[in-house]
**Student:** 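Take this structure, written in structure tokens, and hold onto it; I'll ask about it next.
Predicted, not measured: the structure shown is a model, and the values here were computed from it.
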Amino acid sequence: MAKACVSCGTEMDDDDRFCASCGTEQPLIAPPAVVTNAAAVTAVAPAAAPTCPQCGTPITADMRFCESCGARLSVVASPTVAESAGSQANTGMPVGATQAMPMFAAAGAGAATAAAAPAATQFSTTPVAAKGPTPADKKNGEVPPMIPAVVPPVIPPVLPPSAIGAFATYPGGSGSNQDTNTQKQSDASRRRIIAVVCALLVLLAVGLGVWWFALHGSGSNNGAKRNASQTQQNATAQSNGSSKSPSNAAKACTSAPDLSLESVDHSNATLIATFSAQSNCTKKDAQFAQPGVTVTIKDGGDVVASAVYDFSHSPISFSGGTSTVKLAFTTMQYWRPYDAIRTSNTDVTVQTHGTPNGTVAPSDSGALGGANIDDAQIESNAQSALNWQLDNDADAANQFYSTTTTQLSSKKKDLQAEGKTWQYRDIMEQFLQMRIAHPKAILIWASKYSYYTARGFDANFYVILSGESFGSDDEAKGWCSANGLTADNCMPVQLS
């Protein structure tokens with residue numbers, strides 16, 4: 001029988017160990033043991049043939065590699081013809097050819113031996129070349145049967161590593177089992193991981209359920225109790241008016257309230273104004289909590305105080321639509337002495353969306369502090385206030401034509417003194433501060449009085465007088481000393 005090379009597919013004999021075309025070694029499995037029946041087998045000597053220079057195995061001219069040892073064949077001799085042309089004619093086979101046929105008993109053997117020949121027929125591992133009848137046979141007039149080459153049993157080919165599956169291990173043949181075990185272990189690991197993840201998800205769901213249950217209560221009765229308690233707390237906070245922020249969005253109010261000035265006072269040089277507030281919101285118990293709210297006080301059409309307040313942190317809480325508000329104004333935020341503001345003649349405006357100028361003044365005496373308005377507005381308000389003050393104090397100044405008083409300050413716009421350039425707001429601020437320290441202080445324009453013009457000096461100054469009356473200059477100087485004032489900033493004057 002013939003087989004194919006496991007590498008290139010070339011047809012070859014079953015007992016060839018190496019391919020004659022590519023030289024690949026063929027898988028070999030030992031054939032069963034050969035039992036020789038001397039009575040049935042007549043040895044036939046193989047025909048002479050070229051041999052492998054490496055191992056001595058017979059080879060043919062078309063072989064490139066030895067079939068036994070796999071050695072590369074570079075020079076191959078021509079085969080020796082063992083039989084004559086007459087023999088070939090008798091046998092009908094080419095010179096050197098071998099044929100795989102069943103082996104029969106030789107002629108002349110006993111009947112018993114011939115009958116047992118098929119059962120006793122065995123196979124040799126080495127093919128034997130067919131041989132024609134000998135001259136002796138021809139002489140006797142008998143032609144014995146051909147004794148064919150013994151063919152080994154068919155052995156299934158073993159696949160090379162390239163034909164084995166991608167996960168096989170070669171050699172050894174255990175790769176498939178190992179991969180199967182590895183796959184099983186991987187599947188088991190994945191199942192364990194999935195189980196752990198599922199358990200964690202279940203625990204998380206249970207935890208969330210417990211949290212939700214604890215947060216929302218175990219029943220409608222508990223929820224009703226909490227709602228009733230919350231309602232009671234809201235009602236208490238509204239009645240006390242102590243809440244610092246809106247209790248809920250429904251109570252928030254963005255409409256500015258109406259304010260009316262009830263009274264004015266001072267804390268040192270800070271003006272404290274108390275207002276009554278009327279809500280403009282639909283809900284009478286709403287809260288006004290807006291930032292950037294400009295509150296302006298006008299007296300007789302003149303702005304006497306103005307600042308920007310942030311009610312988002314200190315909202316106005318209304319009860320029945322009314323409330324009381326206290327606001328503080330610094331000396332840069334009001335421009336008339338506190339006791340000169342006539343509450344019955346004032347108008348108060350409240351505007352939202354104001355822009356604070358600088359930092360917010362701190363609260364003072366329970367009154368909410370605010371930030372300055374625009375600098376240009378401050379300067380304009382201060383100039384108007386100085387003019388108003390001059391007119392207001394003119395009658396009080398007339399008494400000092402013949403009576404001695406003391407001068408505390410003289411300033412004018414753009415004067416370089418005391419480390420700064422004086423502006424109207426600085427002059428007005430100084431007057432307000434001295435007015436607090438000396439309640440009788442008045443403001444005059446120096447050029448109106450001969451005391452200042454007679455000396456030939458520039459008399460365009462705002463002059464602050466203490467408003468105190470003295471019988472002599474020495475008495476006036478004594479007052480200056482008693483108030484901690486030096487001769488540089490306190491001197492006796494008489495306006496005539």
**Student:** Is Cys490 close enough to Cys480 that their SG atoms are under 2.5 Å apart?
**Tutor:**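 Yes - the two cysteines, Cys490 and Cys480, have SG atoms within less than 2.5 Å of each other.
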**Student:** Does some side-chain heavy atom of Tyr338 sit less than 4.5 Å from a side-chain heavy atom of Ile436?
**Tutor:**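 Yes, side chains in contact.
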**Student:** Please give me the minimum heavy-atom distance between Met428 and Ala382, naming the atom from each residue.
**Tutor:** CB-CB, 4.2 Å
**Student:** Which heavy-atom pair separates Cys69 from Cys55 by the least distance, and what is that distance?
**Tutor:** SG-SG, 3.6 Å
**Student:** Mind checking the CE-CZ spacing from Met12 to Arg17? Nearest 0.5 Å is all I need.
**Tutor:**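 Result: 11.0 Å between the selected atoms.
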**Student:** Is atom CD of Glu11 surrounded by more than 12 heavy atoms (other residues, nucleotides or ligands) closer than 6.0 Å?
**Tutor:** no
**Student:** Does a side chain donor of either Ser276 or Glu262 reach within less than 3.5 Å of an acceptor in the other side chain?
**Tutor:**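 There is such a pair (donor and acceptor under 3.5 Å, judged by atom type) between the side chains of Ser276 and Glu262.
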**Student:** Is the cationic atom of Lys420 (NZ for Lys, CZ for Arg) positioned less than 6.0 Å from the six-membered ring centroid of Trp422 and within 45 degrees of its normal?
**Tutor:**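 Lys420 over Trp422 ring: yes.
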**Student:** Is the closest basic N to carboxylate O distance between Asp347 and Lys298 below 4.0 Å?
**Tutor:** no
**Student:** Between Asp458 and Asn460 (side chain of the first, backbone of the second, donor and acceptor by atom type, cut-off under 3.5 Å), is there such a pair?
**Tutor:** yes
**Student:** State the NE2-OH distance between His266 and Tyr334, to the nearest 0.5 angstrom.
**Tutor:**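 OH of Tyr334 is found 8.5 Å from NE2 of His266.
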**Student:** OG1/Thr406 to CD1/Ile464 distance, rounded to the nearest 0.5 angstrom?
**Tutor:** 11.5 Å
**Student:** Do you see a donor-acceptor pair shorter than 3.5 Å between the side chains of Gln287 and Ser317?
**Tutor:** yes
**Student:** Before you tell me yes or no, could you show the steps for Met63 and Cys66 under side-chain contact (heavy atoms from CB on, under 4.5 Å), namely the whole-Å CA-CA distance, both residues' side-chain angles and the distance that decides it to 0.1 Å?
**Tutor:** CA-CA 7 Å; Met63 292 183 182; Cys66 178; over 6 Å; no
**Student:** Would you say His438 and Leu408 make side-chain contact, with heavy atoms under 4.5 Å?
**Tutor:**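 Contact flag for His438/Leu408 side chains = yes.
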**Student:** Return yes if some donor-acceptor pair links the side-chain N/O of Asp426 with the main-chain N/O of Gln423 below 3.5 Å, else return no.
**Tutor:**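 A pair under 3.5 Å: yes.
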**Student:** The test is side-chain contact (heavy atoms from CB on, under 4.5 Å); show your working for Ile341 and Leu261 and say whether it passes.
**Tutor:** CA-CA 10 Å; Ile341 297 175; Leu261 183 62; 4.2 Å; yes
**Student:** Could you tell me if the side chain of Tyr452 sits less than 4.5 Å from the side chain of Val493, heavy atoms only?
**Tutor:**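 Yes; the side chains approach each other to less than 4.5 Å.
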**Student:** For the residue pair Glu429 and Thr331, confirm or rule out a side-chain donor-acceptor distance under 3.5 Å.
**Tutor:**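 Side-chain D/A pair, Glu429 to Thr331: present.
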**Student:** Taking atom types as modelled, find out whether Thr421 and Gln416 have a side-chain donor-acceptor pair closer than 3.5 angstrom.
**Tutor:**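 Thr421 vs Gln416: donor-acceptor pair found between side chains.
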**Student:** So, for Trp479 and Asn483, which heavy atoms are closest and what is the spacing to 0.1 Å?
**Tutor:** O-ND2, 2.8 Å
**Student:** Check the orientation of Tyr462 and Tyr424. Use parallel for under 30°, tilted for 30 to 60°, and perpendicular for over 60°.
**Tutor:**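 Rings of Tyr462 and Tyr424: perpendicular, as their planes differ by over 60°.
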**Student:** Check for a donor-acceptor pair, side chain of Asn345 on one end and backbone N or O of Arg342 on the other, with a separation under 3.5 Å.
**Tutor:**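 No, the answer is negative, given that no donor and acceptor are paired below the 3.5 Å cut-off.
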**Student:** Under 3.5 Å, side chain of Asn392 to main-chain N/O of Trp388, donor-acceptor pair present?
**Tutor:**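 Such a contact is absent between Asn392 side chain and Trp388 backbone.
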**Student:** Is Gln333 reaching over with its side chain to a backbone N or O of Gly370, donor-acceptor style, under 3.5 angstrom?
**Tutor:**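 Looks like yes, one N/O pair under 3.5 Å.
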**Student:** Are the side chains of Lys3 and Asp13 in touch, meaning some heavy atoms are under 4.5 Å apart?
**Tutor:** no
**Student:** Quick check for you: to the nearest 0.5 Å, what is the distance between Leu432 atom CG and Arg425 atom CZ?
**Tutor:** 14.5 Å
**Student:** Which value, rounded to the nearest 0.5 Å, describes the distance between Tyr449 atom OH and Phe400 atom CZ?
**Tutor:** 10.5 Å
**Student:** Please examine the side chains of Ile272 and Val264, heavy atoms only from C-beta on, and report whether any two atoms are closer than 4.5 Å.
**Tutor:**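 Contact flag for Val264/Ile272 side chains = no.
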**Student:** Walk me through it: do Val308 and Val293 pass the test side-chain contact (heavy atoms from CB on, under 4.5 Å)?
**Tutor:** CA-CA 5 Å; Val308 182; Val293 180; over 6 Å; no
**Student:** Lys411 and Ser409: side-chain donor and acceptor closer than 3.5 Å?
**Tutor:** yes
**Student:** Do Lys283 and Cys253 come close enough that some side-chain heavy atom pair is under 4.5 Å?
**Tutor:**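 No, their side chains stay 4.5 Å or more apart.
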**Student:** For the NZ atom on Lys413, are there more than 12 heavy atoms of other groups (residues, nucleotides or ligands in this structure) within a distance under 6.0 Å?
**Tutor:**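 More than 12 within 6.0 Å, yes.
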**Student:** Taking the side chain from Gln26 and the backbone from Thr24, do they hold a donor-acceptor pair closer than 3.5 Å?
**Tutor:**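 Yes.
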**Student:** With no hydrogens and no angle check, just 3.5 Å: does a side-chain donor-acceptor pair link Asn357 and Asp374?
**Tutor:** no
**Student:** Just checking, any donor-acceptor pair under 3.5 angstrom between side chains of Ser312 and Asp310?
**Tutor:**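 Checked: Ser312/Asp310 side chains pair up, N/O donor to acceptor below 3.5 Å.
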**Student:** Looking at Ser319, is its backbone amide N or carbonyl O close enough to the side chain of Ser323 to form a donor-acceptor pair, meaning the two atoms are under 3.5 Å apart?
**Tutor:**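 Not confirmed, Ser323 side chain does not pair with Ser319 backbone.
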**Student:** Can you find a heavy atom in the side chain of Leu465 that is under 4.5 Å from one in the side chain of Ile444?
**Tutor:**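 Heavy-atom side-chain distance check passes, below 4.5 Å.
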**Student:** Looking at OH of Tyr451 and OH of Tyr401, how far apart are the two atoms once the value is rounded to the nearest 0.5 Å?
**Tutor:**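 Result: 14.5 Å between the selected atoms.
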**Student:** More than 12 foreign heavy atoms under 6.0 Å from CD of Glu475: is that the case here?
**Tutor:** yes
**Student:** Is a side-chain N or O of Ser306 found less than 3.5 angstrom from the main chain of Thr296, in a donor-acceptor match?
**Tutor:** no
**Student:** Would you say Ile427 and Leu386 make side-chain contact, with heavy atoms under 4.5 Å?
**Tutor:**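 Contact flag for Ile427/Leu386 side chains = yes.
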**Student:** Please give me the minimum heavy-atom distance between Gly354 and Thr294, naming the atom from each residue.
**Tutor:**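 In this case the closest contact between Gly354 and Thr294 is CA-OG1, 3.7 Å.
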**Student:** Quick one, Leu368 with Lys326, criterion side-chain contact (heavy atoms from CB on, under 4.5 Å). Give me CA distance, side-chain angles, the key distance, then yes/no.
**Tutor:** CA-CA 6 Å; Leu368 180 64; Lys326 292 181 69 175; over 6 Å; no
**Student:** Using the rule given for side chain to side chain donor-acceptor pair (under 3.5 Å), can you reason through Asp299 versus Thr346, listing the C-alpha separation, both sets of side-chain angles and the distance that settles it, and then say yes or no?
**Tutor:** CA-CA 4 Å; Asp299 185 352; Thr346 58; over 6 Å; no
**Student:** Any idea which heavy atoms bring Arg64 and Cys22 closest together, and the distance?
**Tutor:**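 The pair with the smallest heavy-atom distance is NH2-N, 4.4 Å.
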**Student:** Please determine, by modelled atom types, if Gln389 and Asp393 share a side-chain donor-acceptor pair under 3.5 angstrom.
**Tutor:**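 Asp393 and Gln389 do have a side-chain donor-acceptor pair below 3.5 Å.
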**Student:** Check Pro492 against Thr404 and note the closest heavy-atom contact, atom names and distance.
**Tutor:** CB-CG2, 4.0 Å
**Student:** Determine yes or no for a side-chain-to-main-chain donor-acceptor pair under 3.5 angstrom, with Tyr309 supplying the side chain and Ala328 the backbone.
**Tutor:**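 Here the side-chain-to-backbone pair exists.
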**Student:** State whether the side chain of Gln399 and the backbone N or O of Ala396 hold a donor-acceptor pair below 3.5 Å, judged by distance alone.
**Tutor:**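 Present.
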